[in-house]
Amino acid sequence: MSKYHLLFLFAVAVAGFGQVALKKAAMQPERSLLRQYANGYVLLGYFLMLCSMGMASIAYRGMPLKAGPAIDSLGFIFVPLMGRVFFCEEITRTKGLGFLLIMIGVMIFVL
């Protein structure tokens with residue numbers, strides 16, 4: 001795995017943290033319309049998503065385009081795991097099996 005693959009993987013993780021920040025913002029009590037869209041969690045979430053897109057663009061310079069979607073699918077694992085850590089959400093056996101299948105698919109496709 002090259003440094004570009006690792007950068008893309010890091011970009012996926014950063015995007016996951018951005019999604020967690022946006023979910024945290026959505027869980028806040030009802031506020032004015034301006035405060036809903038201009039609070040710290042929303043701004044952090046959008047900033048992390050923007051950073052993730054920049055990192056992914058740089059990573060695509062040094063890796064095959066076909067590897068991007070495979071690595072990006074790891075976001076389907078990162079986000080629920082972060083939800084478990086930050087929001088105590090449950091991960092069912094079915095989700096666990098799905099995680100395993102995604103990991104196997106990524107390993108087969110990228111490696």
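What's counted below: heavy atoms across the whole structure, side chains too, no hydrogens, waters or symmetry copies. We count residues from 1, following the sequence as given.
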CE of Met53 to CG of Leu48, rounded to nearest 0.5 Å, is 11.5 Å

Please check if Met27 and Val79 belong to a single hydrophobic cluster, counting links between Ile, Leu, Val, Met, Phe, Trp and Tyr side chain heavy atoms closer than 4.5 Å.
-> no

Closest contact, heavy atoms only, Ser73 versus Val106 = OG-CG2, 3.4 Å

Using residues 1-25 as the side-chain source, report each donor-acceptor pair under 3.5 Å to any protein atom, sequence neighbours left out, with the distance given to one decimal.
residue	atom	partner	partner atom	Å
Ser2	OG	Tyr4	N	3.3
Ser2	OG	His5	N	3.3
Ser2	OG	His5	ND1	2.8
Lys23	NZ	Glu89	OE2	2.1

Do you reckon Leu65 sits in the same ILVMFWY cluster as Ile71, going by side-chain contacts under 4.5 Å, direct or chained?
-> yes

Spell out, yes or no, whether Ile91 and Leu74 are grouped together once hydrophobic residues are joined by side-chain heavy atoms under 4.5 Å, including indirect joins.
-> yes

Show me the side-chain donor-acceptor pairs of residues 92-99 shorter than 3.5 Å, one per line, residues at least two apart or across chains.
residue	atom	partner	partner atom	Å
Thr92	OG1	Lys95	N	3.3

Tell me the ring pair (Phe, Tyr, Trp, His ring centres under 6.0 Å) pairs involving residues 67-98, sequence neighbours left out?
-> none

Pairs flagged by side chain to side chain donor-acceptor pair (under 3.5 Å) wherever residues 50-65 is involved - sequence neighbours left out = none

If a pair satisfies salt bridge (Lys or Arg N to Asp or Glu O under 4.0 Å) and one of its residues is in residues 65-74, list it, with sequence neighbours excluded.
-> none

Show me the donor-acceptor pairs, under 3.5 Å and distance only, between side chains in residues 38-46 and residues at least two apart or in other chains.
residue	atom	partner	partner atom	Å
Asn39	OD1	Tyr41	N	3.0
Asn39	OD1	Val42	N	3.1
Asn39	ND2	Arg35	O	3.0
Asn39	ND2	Gln36	O	3.4

